[in-house]
Amino acid sequence: MDTCPATTYPSLNTAAEVDVAVVGGGIAGLSTAWELARAGHSVAVLEADRIAAGVTGYTTAKVSVLHTLVYDRLRRTRGPDAARFYARSQQGALDRLREIVAELGIDCDLERLSAFTYAAEPGDAEGAKTLRAEAKAAAETGLRATYVEETGLPFPAGGAVRVADQAQFHPRKYLLALAEDFRRLGGVIFERTRVTDLSEGNPCQVTAESGHTVTAQRVVVATHYPIFDRALLFSRLTPSRELVVAAPLPLADDPGGMYITEGEGKRSVRTAPYGDDASQRLLIVTGEAFTPGTGDPAAGFTRLDAWLHERFPSAGPTAYRWAAQDNSSTDTVPLIGSLHKGSRHTYVATGFGGWGMTNGILAGQLLTALIAGTPPVWAGLYDPRRLKSMVREAAGLLTAQAKVAKHFVGDRLTTGHVDSVAEIAPGSGAVVRIGGERCAVYRGPDGIAHAVSARCTHLGCLVSFNAAETSWECPCHGSRFDVEGAVLQGPAVLPLERVLPHTDRDKDTGGDMGGGVKQD
């Protein structure tokens, strides 16, 4: 985000008609739109904010077929064919990226490196056994996977799975170039166009919050977390927010690969070009994760900073810190295909589980093939309607929904976070009862309190305040809002309702609104 120009595509301000409407302008939406336009379709992309500026704008951008321990798990739970199909499709996405970069001459810092899944602790016999099994399962799919004892990390590891010839790149440089070629092919992009409704039919129609509509023969929902609940996919998705820190590192200390651990103590490490100074790289470390609306992000950033500088002592002061969000399906395989069992003209791409770069490109390939009526042999692996897999994922479904129920019911049975608005310090926020109603109140540095309803507009769970990012977050399905209630991240499409204080509410807060509540 810091090294690319901002985009200024227009908003939808009139009715439009196309072959395919793609809702969402991240890597999945733009890849799908470009592939479809390349195939001869008229396509419109509708993005709620700016393209490639949501989750895709804050990814660590590893383009790898090695997704921690996926192959041994797939081989055991869904059979060797599933593992082989997963490898083939993910490798196809990696190859497609290289083809597009070469064909369009895109300068996006594309680098070829090995990817490693490593054991965090030396001498971990059980961890080494697990990694050997993963290396064997991955190799059986045809990948160039091996078990190794040594890595390029500056600290000892307990063995690793290595897959050679993987990639990392600058996703915004890539996608902004792809967007321009998409327009050359006749595609149109509408930014600041939040879609709020979908009418399925022949044709379909999507409606933006402005009231303007786009009529299309096909609709692709690529909004990260699907904004339409008719497929009940929210019951099969678990949102997670992950913290990232980055610091300059001398080139001589570059570990020369992409690294990740699995399970407790997770850490992901890679480097990237850093400005014009060829003697340095930018070291990027992630691994502290939490469910939106829970946890302590500030403490997580502190732990990441400490780990980075302990393990890479030559690194300079932390230059960047941010957070990114992703969703995992309960059976760990993305959901790409028909939106729901009865859909004929609507499609979805979601549940990438932290591996959005290959899965976003894969989604473009797969959805274009499905619309053309020529699905690849591995299409069923990702089909959101897969029934046998739903039986296998029953435990995951129950666990995910138990967490949702805990927040949906339990948060209502507890008292507010504070007893009155007056207790909220400048620069902080809390849920408080005002007039018998739970409100999310943020007090700005100027002392003015901003009050909105604490009920998420998606399914009604109560939001919590994220002090590290100054936002309200829903712990049930991951919707995020700014302090004025505007939607930052779906599945919610409507803002939090503004709270207008009155005399009775003032009494509930002890007659002191603590500097006043901002209202329209």
Side-chain angles (χ1 to χ4, degrees), residues 4 7-12 16-57 59 92-93 96-97 99-101 103-104 106 108 171-195 198 203-206 208 212-224 226-228 334 336-339 345-350 352 356-372 374 382 490:
C4 267
T7 55
T8 56
Y9 292 106
S11 300
L12 179 68
E17 186 171 345
V18 292
D19 294 338
V20 186
V22 177
V23 185
I27 190 166
L30 290 173
S31 295
T32 301
W34 184 84
E35 295 282 4
L36 288 166
R38 183 71 176 273
H41 297 278
S42 61
V43 186
V45 172
L46 299 94
E47 165 57 41
D49 192 11
R50 298 296 186 187
I51 61 168
V55 174
T56 300
T59 175
R96 186 60 170 155
L97 170 66
E99 290 170 3
I100 294 170
V101 168
E103 178 183 333
L104 301 184
I106 302 174
C108 59
R172 264 182 66 81
K173 289 181 180 179
Y174 169 75
L175 287 173
L176 296 188
L178 197 69
E180 283 303 299
D181 194 63
F182 168 67
R183 293 183 69 206
R184 182 187 65 79
L185 293 168
V188 291
I189 297 173
F190 298 110
E191 293 185 323
R192 300 289 169 87
T193 301
R194 185 176 297 281
V195 170
L198 165 64
C204 302
Q205 190 174 77
V206 294
H212 297 300
T213 61
V214 174
T215 301
Q217 299 301 312
R218 302 283 191 276
V219 174
V220 173
V221 180
T223 55
H224 189 57
I227 58 173
F228 303 114
I336 307 170
S338 293
L339 180 59
H345 310 292
T346 53
Y347 304 85
V348 70
T350 187
F352 295 163
M357 299 298 96
T358 52
N359 280 307
I361 296 168
L362 181 157
Q365 296 174 291
L366 176 52
L367 293 174
T368 300
L370 291 173
I371 289 171
T374 57
Y382 298 97

Evaluate the side-chain proximity of [Y] to [X]: yes if any heavy-atom separation is below 4.5 Å, no if none is.
X: His41; Y: Arg218; result: no
X: Ile51; Y: Leu176; result: yes
X: Cys204; Y: Gln217; result: no
X: Val220; Y: Tyr347; result: yes
X: Leu370; Y: Leu366; result: yes
X: Val23; Y: Thr223; result: yes
X: Val348; Y: Ile336; result: no
X: Phe228; Y: Val195; result: yes

Using the salt bridge (Lys or Arg N to Asp or Glu O under 4.0 Å) rule, take Arg194 and Glu47 through it: C-alpha gap first, then chi angles, then the decisive distance, then the call. CA-CA 6 Å; Arg194 185 176 297 281; Glu47 165 57 41; over 6 Å; no

Over all heavy atoms of both residues, which pair between [X] and [Y] is shortest? Give the atoms and the distance, please.
X: Thr368; Y: Gly364; value: OG1-O, 2.7 Å
X: Leu12; Y: Ala208; value: CD2-CB, 4.4 Å
X: Thr56; Y: Ile27; value: OG1-N, 3.1 Å
X: Glu191; Y: Tyr9; value: OE1-N, 2.9 Å
X: Leu362; Y: Ala93; value: N-CB, 3.8 Å
X: Val101; Y: Cys108; value: CG2-SG, 3.8 Å

Is a side-chain N or O of [X] found less than 3.5 angstrom from the main chain of [Y], in a donor-acceptor match?
X: Ser42; Y: Val18; answer: no
X: Thr215; Y: Gln205; answer: no
X: Thr213; Y: Val206; answer: no

How long is the straight-line distance from [atom2] of [Y] back to [atom1] of [X], given to the nearest 0.5 Å?
X: Leu175; Y: Trp34; atom1: CG; atom2: CH2; answer: 12.0 Å
X: Glu180; Y: Leu104; atom1: CD; atom2: CG; answer: 11.5 Å
X: Arg172; Y: Cys4; atom1: CZ; atom2: SG; answer: 5.0 Å
X: Thr32; Y: Ile361; atom1: OG1; atom2: CD1; answer: 10.5 Å
X: Ser31; Y: Gln365; atom1: OG; atom2: CD; answer: 8.5 Å
X: Ser338; Y: Leu367; atom1: OG; atom2: CG; answer: 9.0 Å

Could you walk me through whether Val43 and Leu185 pass the side-chain contact (heavy atoms from CB on, under 4.5 Å) check? CA-CA 9 Å; Val43 186; Leu185 293 168; over 6 Å; no

Passing option when Val219 is tested against Leu198, Val20, Leu339 for side-chain contact (heavy atoms from CB on, under 4.5 Å):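 Exactly one candidate clears the test, Leu198.
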
From CA spacing to verdict: side-chain contact (heavy atoms from CB on, under 4.5 Å), Arg38, Asp181: CA-CA 10 Å; Arg38 183 71 176 273; Asp181 194 63; 5.7 Å; no

Mind checking what makes ring pair (Phe, Tyr, Trp, His ring centres under 6.0 Å) contact with Tyr382, not counting sequence neighbours?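 Partners of Tyr382 by the ring pair (Phe, Tyr, Trp, His ring centres under 6.0 Å) criterion, ordered by chain and then number, come out as Trp378.
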
Report the residues that fulfil ring pair (Phe, Tyr, Trp, His ring centres under 6.0 Å) with Phe190, sequence neighbours left out, ordered by chain and then residue number.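 With sequence neighbours excluded, Phe190 shows a ring pair (Phe, Tyr, Trp, His ring centres under 6.0 Å) to no residue whatsoever.
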
A quick test of your reading: do over 12 heavy atoms of other residues, nucleotides or ligands sit less than 6.0 Å from CZ of Arg183?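 Atom CZ in Arg183 is not packed in, count stays at 12 or less.
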
Test log, rule side-chain contact (heavy atoms from CB on, under 4.5 Å), inputs Glu17 and Val214: CA-CA 5 Å; Glu17 186 171 345; Val214 174; over 6 Å; no

Contacts of Ala177 that satisfy side chain to side chain contact (heavy atoms under 4.5 Å, CB included) - sequence neighbours left out: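 Applying side chain to side chain contact (heavy atoms under 4.5 Å, CB included) to Ala177 gives Ile106.
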
Can Tyr174 and Leu97 be said to form a side-chain contact (heavy atoms from CB on, under 4.5 Å), step by step? CA-CA 9 Å; Tyr174 169 75; Leu97 170 66; 3.5 Å; yes

